[in-house]
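Working notes, beginning with the structure itself.
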Number of protein chains: 2
Amino acid sequence: MKDVAKHFELFLRQRSLRLTRQREAILKAIYGTHRHVTAEELYELLQKAGDAKALRISRATVYRTLSLLAEGGFVQALELGRDRGTLYEHTLGHEHHDHMVCMACGKIIEFHDDELEQVQAAAIRRHGFEATSHRLNVFGTCAKCQEKGKGSAAGEAQAG
Amino acid sequence: MKDVAKHFELFLRQRSLRLTRQREAILKAIYGTHRHVTAEELYELLQKAGDAKALRISRATVYRTLSLLAEGGFVQALELGRDRGTLYEHTLGHEHHDHMVCMACGKIIEFHDDELEQVQAAAIRRHGFEATSHRLNVFGTCAKCQEKGKGSAAGEAQAG
DNA sequence: CTCGAAATGAGAACGAGTCTCAACCGCGGG
DNA sequence: CCCGCGGTTGAGACTCGTTCTCATTTCGAG
Ligand SMILES: [Mn+2]
Ligand SMILES: [Mn+2]
Ligand SMILES: [Zn+2]
Ligand SMILES: [Zn+2]
């Protein structure tokens with residue numbers, strides 16, 4: 001986190017942007033949680049945290065800073081459906097991962113598979129495409145929720 | 001297309017829903033294009049097509065029917081970023097595929113790779129998750145646009 | 001044909017995200 | 001340590017895709 005702040009400061013300097021209390025607070029906030037948060041959640045979080053230090057941060061600034069952080073690679077946006085809104089997570093200190101979303105309990109599970117990444121990269125290259133990023137979102141039922149749903153009809157399966 | 005209409009009719013009957021001229025027209029419209037279309041594009045398309053038969057279809061009905069068609073598996077929604085809006089494509093007669101989006105020209109390229117699907121399925125299963133669907137979106141530069149950008153600095157690369 | 005339920009149209013409402021612009025404040029220079 | 005030039009912020013208006021409301025229309029079983 002300390003070095004993240006340093007990186008951010010450098011990033012800002014390189015682009016002749018300023019290190020403001022707001023930007024610091026937002027960076028700190030998103031690096032202070034391991035959840036996937038919406039801009040609104042972050043905003044509310046910052047309201048409370050800021051009440052103490054008398055630092056008000058507007059929604060606009062949260063959105064603006066989140067975009068800035070995304071450009072700099074400090075955070076990443078996740079879009080899991082028009083409804084859930086855009087989710088953000090910090091990236092430094094976390095290797096790339098994909099997401100599985102449980103439709104029953106809403107839990108978001110992160111996973112990473114090297115072989116998958118390699119096969120994927122190969123397939124993409126084979127099509128003459130040059131990838132800069134990708135998102136794999138899997139929807140279904142998590143292990144826990146599979147248990148709960150054992151009282152009904154036996155084994156189903158679907159693909160979509 | 002004829003059998004798709006039959007399937008749709010059956011689907012509606014099973015759920016005691018009605019086959020209306022609007023629903024027919026919308027089904028026909030989305031099965032009549034091979035592009036990925038937004039609800040709005042479809043709406044405008046239907047306006048023109050409907051002028052002849054004096055069949056007006058409201059935006060609300062387009063949205064409602066698209067959701068219905070998605071539930072029934074007749075169409076699929078694609079969400080490639082908060083900006084582009086939700087895109088729809090018909091599914092019957094098309095096997096599952098993933099998408100690569102060219103950030104330079106906006107083109108959407110479909111691709112399918114069996115090995116990828118299998119490795120993916122295995123990785124997901126290994127995590128105790130039961131998948132019902134997934135979306136893999138790859139962002140980058142298409143082959144054509146890679147050509148165009150050959151006058152500048154030599155080979156770059158990035159990963160995000 | 002009749003009738004009740006489902007479906008539709010028009011436009012209001014909603015909400016995430018963006019824009020506007022006057023007031024504010026980082027920060028390099030003196 | 002103070003100044004002043006922009007970059008930055010806050011509040012709220014605004015955008016625009018999507019959903020909701022409800023009076024009216026239409027499907028389709030009997
Ligand atoms: Mn994550
Ligand atoms: Mn497609
Ligand atoms: Zn679950
Ligand atoms: Zn291209």
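These numbers come from a predicted model, not from an experiment. Labels below follow one simple rule: chain letters A, B, ... track the order of the sequence lines, proteins then strands, and each chain is numbered from 1.
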R18(A) (side chain) and dG6(D) (base): donor-acceptor pair under 3.5 Å: yes

Nucleotides bounding contact with chain A, strand DNA chain C, heavy-atom threshold 4.0 Å: dA16(C) to dC27(C)

Any T20(A) side-chain N or O less than 4.0 Å from OP1/OP2 of dT9(D): yes

E24(B) bridged to R21(B) by N-O distance under 4.0 Å: no

Sugar-phosphate, base or nothing in reach of R21(B), heavy atoms under 4.0 Å: sugar-phosphate

Ion pair check, E79(B) and R84(B), cut-off under 4.0 Å: no

Separation of atom CZ in R56(A) from atom P in dG12(D), rounded to whole Å: 12 Å

Inter-residue atom distance M103(B).CE - C142(B).SG, 0.5 Å rounding: 12.5 Å

Sugar-phosphate only, base, or nothing, as touched by T38(B) at under 4.0 Å among non-hydrogen atoms: nothing

Upstream residue (5' side of DNA chain D) when S16(A) and T86(B) are each assigned their closest nucleotide: S16(A)

Lys/Arg-Asp/Glu bridge criterion (N-O < 4.0 Å) met for E147(B), K144(B): no

OP1 or OP2 of dG10(D) under 4.0 Å from side-chain N/O of Q22(A): yes

Separation between CG of D114(B) and NE2 of H96(B), rounded to the nearest 0.5 Å: 10.0 Å

Within the 6.0 Å centroid threshold, strictly below: F111(B) and F129(A): no

Separation of dG17(D) P from R64(B) CZ (nearest whole Å): 18 Å

